[in-house]
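Read through the structure below, which is laid out as structure tokens, and then see the notes.
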Amino acid sequence: MRTNRTHQPLTYDVRLPDEAQADALRLLDASKAVVNAALTILWPCLDAFGDEREGPAWKQVGKYIASPLPHGDRQWRCESEVVGRLLRAQAERKKVFTLVAPILSDGFIRPKTERRPAGKKRPAIKEAITALQQSLDEDETSFVTLQNVVEQACNFCLQHDRFPTSYEELQPIPLLHVGLLTYAGDDGGTKGQTYRLALDADAGVARFRFRSPDEMGVWCWRKEETLIAFPVCLKERLSDGKLMAPTLREERRADGERFAVLDFIIEVEKTALPTWEQVECVLGVDWGVHTLLTATAINEHSEQVGRPFFLDIGGFDGKQARTRRQIDELKKKVAACEQERDALPEAHPKRAWYQERLELSRREIERCWGKYERRNRAVAHLASNVLLLLCQIHGCSLLSMESLKTLKTTGRGKGVRGRWRHYRNNSTVRGDIWRILRYKCHLLGVRFRTAQPRGTSHTCPAAGSRQKRIVPPVIVVKR
């Protein structure tokens, strides 16, 4: 997807009408087969996709192979664009693996005990990554990316009792499990040879037409246009941004239902960021212990402006913890059921009963994970919107957030320890807040900065003195 420093792409997904679902799903199935075949062929050429990143991804793929299953030139361009983007992303991760490979050691693995299984020693991992990041003066690789690759290598070690020697050994070929097709390789909505798209902003309707295989496998255009009613927020964005090539993709529900959605991508211009000399007020944000976030506005003299704001999400942690426990129990049931099934002979009639139970349990696990992730995203958007609203109230042109490197272990009491154990095992909410808040700040013209956590949580903004523990913790940013 084309991006630059002055524009930001925003995506709005809309489910296709029922009359177009069958054709769209057949198209996605055919495209998925081509994409997976191309990925398998080009996986040994991964390094080449990390060296060359200029121009569309489909042109780079076209230098190596033609379509494994020809469905037309423009159709192959769209499919190879998906292939090229996936390989470019994996090539960047391979570069990160090259950076972290020298620091992988047995000290990252917590040995197995009678009460706890073997696991990752997160404090040692964070300390090693911090030291590595400080040694990379010119490299802008984020801490989150480094941590993600290191933890993937640790998971490999827990399964194979050794660390991987190459990225290809660590990462299997990223084959698609659901259909995905971007139309960025075609000639646009009016002249496209694989799709046509026309938007009527006044009526709030999009006219979409596409090529797909029929029931007999013959490729042809759909005879009728598909009318798609898009949401009001998309209509508002169309007046300010530019419509880019859409993406057709498949979604699956826990009950096995498949349906196709069309992603409308609008490229909007970012609001100009203030210069550092214009920054007069900062909103400092820290991860709380008893609350999710604590925010305090501070002026250019390091004086606190107004009272601290505490974002308490109530029983959200308890709901998420219960959902995780439910997932763990279901996984235990699946493992026990598989063990009992495998102990039976191949021709035993009860194996079918066990297989049915396994399918039901796996669908329930998928449903729980979906609920878990939707809650995380909802809370991340809520927290981001609240912080940006506080920036507008206090006139803050800079938002400084404590780094994701630190998960607080202070606090006493069974409730606090239990809550923080949940966050120590799952930092998805924090990562989602960090990512969503960063791009929303760019859209609204608010500078976003990640602050090092060392010492910031123990400095009183009013007195300026360091204490043993100050609640709430705040970040003081000095210019």
Side-chain angles (χ1 to χ4, degrees), residues 1 11-42 56-59 61-62 65-86 174-200 204-231 234 243-253 255-266:
M1 182 184 300
T11 303
Y12 301 88
D13 59 323
V14 181
R15 176 169 175 163
L16 291 183
D18 293 340
E19 60 269 16
Q21 285 291 328
D23 293 333
L25 290 175
R26 282 195 300 269
L27 169 61
L28 290 172
D29 289 341
S31 299
K32 180 176 66 174
V34 175
V35 170
N36 288 343
L39 285 171
T40 304
I41 297 172
L42 292 176
W58 63 264
K59 288 187 177 181
V61 173
I65 61 170
S67 177
L69 300 171
H71 298 144
D73 177 70
R74 291 301 187 274
Q75 180 69 26
W76 165 237
R77 283 190 183 184
C78 296
E79 293 162 349
S80 58
E81 180 69 21
V82 177
V83 175
R85 292 180 182 182
L86 289 172
L175 300 178
L176 295 181
H177 298 288
V178 294
L180 175 67
L181 180 66
T182 176
Y183 286 109
D186 206 353
D187 299 326
T190 57
K191 300 180 180 179
Q193 300 180 35
T194 59
Y195 84 106
R196 299 292 174 88
L197 182 65
L199 271 65
D200 186 351
V205 175
R207 300 180 180 274
F208 180 53
R209 194 175 175 214
F210 58 94
R211 287 181 71 244
S212 65
D214 59 14
E215 294 85 349
M216 305 300 295
V218 179
W219 284 75
C220 58
W221 284 88
R222 293 193 79 245
K223 296 180 180 180
E224 299 178 357
E225 290 183 330
T226 302
L227 298 180
I228 305 174
F230 50 77
L234 175 59
L243 179 66
M244 303 176 70
T247 297
L248 185 67
R249 59 185 176 85
E250 173 190 351
E251 287 193 1
R252 293 184 182 179
R253 290 182 176 173
D255 58 1
E257 179 189 0
R258 301 169 61 214
F259 58 92
V261 298
L262 188 67
D263 289 339
F264 291 90
I265 303 174
I266 309 296

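The analysis underlying the following values was restricted to heavy atoms, covering all of them including side chains, and did not include hydrogens, waters or symmetry mates. One is the number of the first residue; the rest follow in order along the sequence.
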(request) Indicate yes or no for a side-chain donor-acceptor contact from Gln21 to the backbone of Leu16 under 3.5 Å, with no hydrogens or angles considered. (result) yes

(request) May I ask you to test the Leu180-Leu28 pair for a side-chain heavy-atom distance under 4.5 Å? (result) no

(request) Nearest 0.5 Å please: distance from the OG1 atom of Thr11 over to the CE atom of Met244. (result) 9.0 Å

(message) I'd like to check the side-chain contact (heavy atoms from CB on, under 4.5 Å) partners of Ala206; sequence neighbours left out, ordered by chain and number.
(response) Leu197, Leu199, Ile228, Phe230, Phe264

(request) Could you check if a side-chain atom of Arg196 sits within less than 4.5 angstrom of a side-chain atom of Thr190, using non-hydrogen atoms only? (result) no

(message) Per the ring-ring contact (aromatic ring centres under 6.0 Å, His included) rule, what does the pair list look like for residues 174-194, sequence neighbours excluded?
(response) Tyr183-Tyr195

(message) Tell me if a side-chain donor or acceptor on Asp214 pairs with a main-chain N or O of Met216 at a distance below 3.5 Å.
(response) yes

(request) List the atom of Trp221, the atom of Gly192, and the distance in Å for their closest heavy-atom pair. (result) CH2-O, 3.8 Å

Return a table of donor-acceptor pairs under 3.5 angstrom between the side chains of residues 65-73 and protein atoms on other chains or two or more places apart.
residue, atom, partner, partner atom, Å
Ser67, OG, Leu69, N, 3.4
Ser67, OG, Leu69, O, 3.1

(message) Among residues at least two apart in sequence or on other chains, which ones pass side-chain contact (heavy atoms from CB on, under 4.5 Å) with Glu257?
(response) Arg15, Arg253, Asp255, Phe259

(message) To the closest 0.5 Å, what do you measure between CG (Leu248) and OG1 (Thr182)?
(response) 10.0 Å

(message) Using a 3.5 Å distance criterion without hydrogens, assess whether the side chain of Asn36 forms a donor-acceptor pair with backbone atoms of Leu175.
(response) no

(request) Please list, chain by chain and in numerical order, all residues satisfying side chain to side chain donor-acceptor pair (under 3.5 Å) with Asp29, sequence neighbours excluded. (result) Arg258

(request) Apply side chain to side chain donor-acceptor pair (under 3.5 Å) to Ser31 and list each qualifying residue two or more places apart in sequence or on a separate chain. (result) Gln75, Glu79

(message) Could you go through Asp263 and Arg249, starting from their C-alpha distance and side-chain angles, then the distance that decides it, and tell me whether this counts as salt bridge (Lys or Arg N to Asp or Glu O under 4.0 Å)?
(response) CA-CA 8 Å; Asp263 289 339; Arg249 59 185 176 85; 2.6 Å; yes

(request) Keeping the roles fixed (side chain from Arg207, backbone from Ala198), state whether a donor-acceptor pair exists under 3.5 Å. (result) no

(request) Before accepting this row, confirm whether a basic side-chain N of the pair Arg77/Glu81 lies closer than 4.0 Å to the acidic partner's carboxylate O. (result) no

(message) The criterion is side chain to side chain donor-acceptor pair (under 3.5 Å); which residues satisfy it with Thr226, sequence neighbours excluded?
(response) Arg222

(request) With sequence neighbours excluded, tell me which residues meet salt bridge (Lys or Arg N to Asp or Glu O under 4.0 Å) with Arg209. (result) none

(message) The criterion is salt bridge (Lys or Arg N to Asp or Glu O under 4.0 Å); which residues satisfy it with Arg74, sequence neighbours excluded?
(response) Asp187

(message) Is the shortest side-chain heavy-atom distance between Asp13 and Leu262 below 4.5 Å?
(response) no

(request) Under the side chain to side chain contact (heavy atoms under 4.5 Å, CB included) rule, what do Val178 and Arg252 come out as? Steps first, then yes or no, please. (result) CA-CA 8 Å; Val178 294; Arg252 293 184 182 179; 3.8 Å; yes

(message) To the closest 0.5 Å, what do you measure between CG (Asp23) and OG (Ser212)?
(response) 4.0 Å

(request) Hey, could you give me each pair passing salt bridge (Lys or Arg N to Asp or Glu O under 4.0 Å) that has a residue in residues 33-42? Not counting sequence neighbours. (result) none

(request) Answer whether the closest heavy-atom distance between the side chains of Thr194 and Phe210 falls below 4.5 Å. (result) no

(request) Over all heavy atoms of both residues, which pair between Ala30 and Pro213 is shortest? Give the atoms and the distance, please. (result) CB-CG, 4.4 Å

(message) Are Val14 and Pro231 packed together at the side-chain level, in the sense that at least one heavy-atom pair is separated by less than 4.5 angstrom?
(response) yes

(request) Please list, chain by chain and in numerical order, all residues satisfying side chain to side chain donor-acceptor pair (under 3.5 Å) with Glu19, sequence neighbours excluded. (result) none

(message) Measuring from atom SG of Cys78 to atom CG of Asp186, what distance do you get when rounded to the nearest 0.5 angstrom?
(response) 5.0 Å

(message) For a 4.5 angstrom cut-off between non-hydrogen side-chain atoms, does Leu243 reach Ile266?
(response) yes

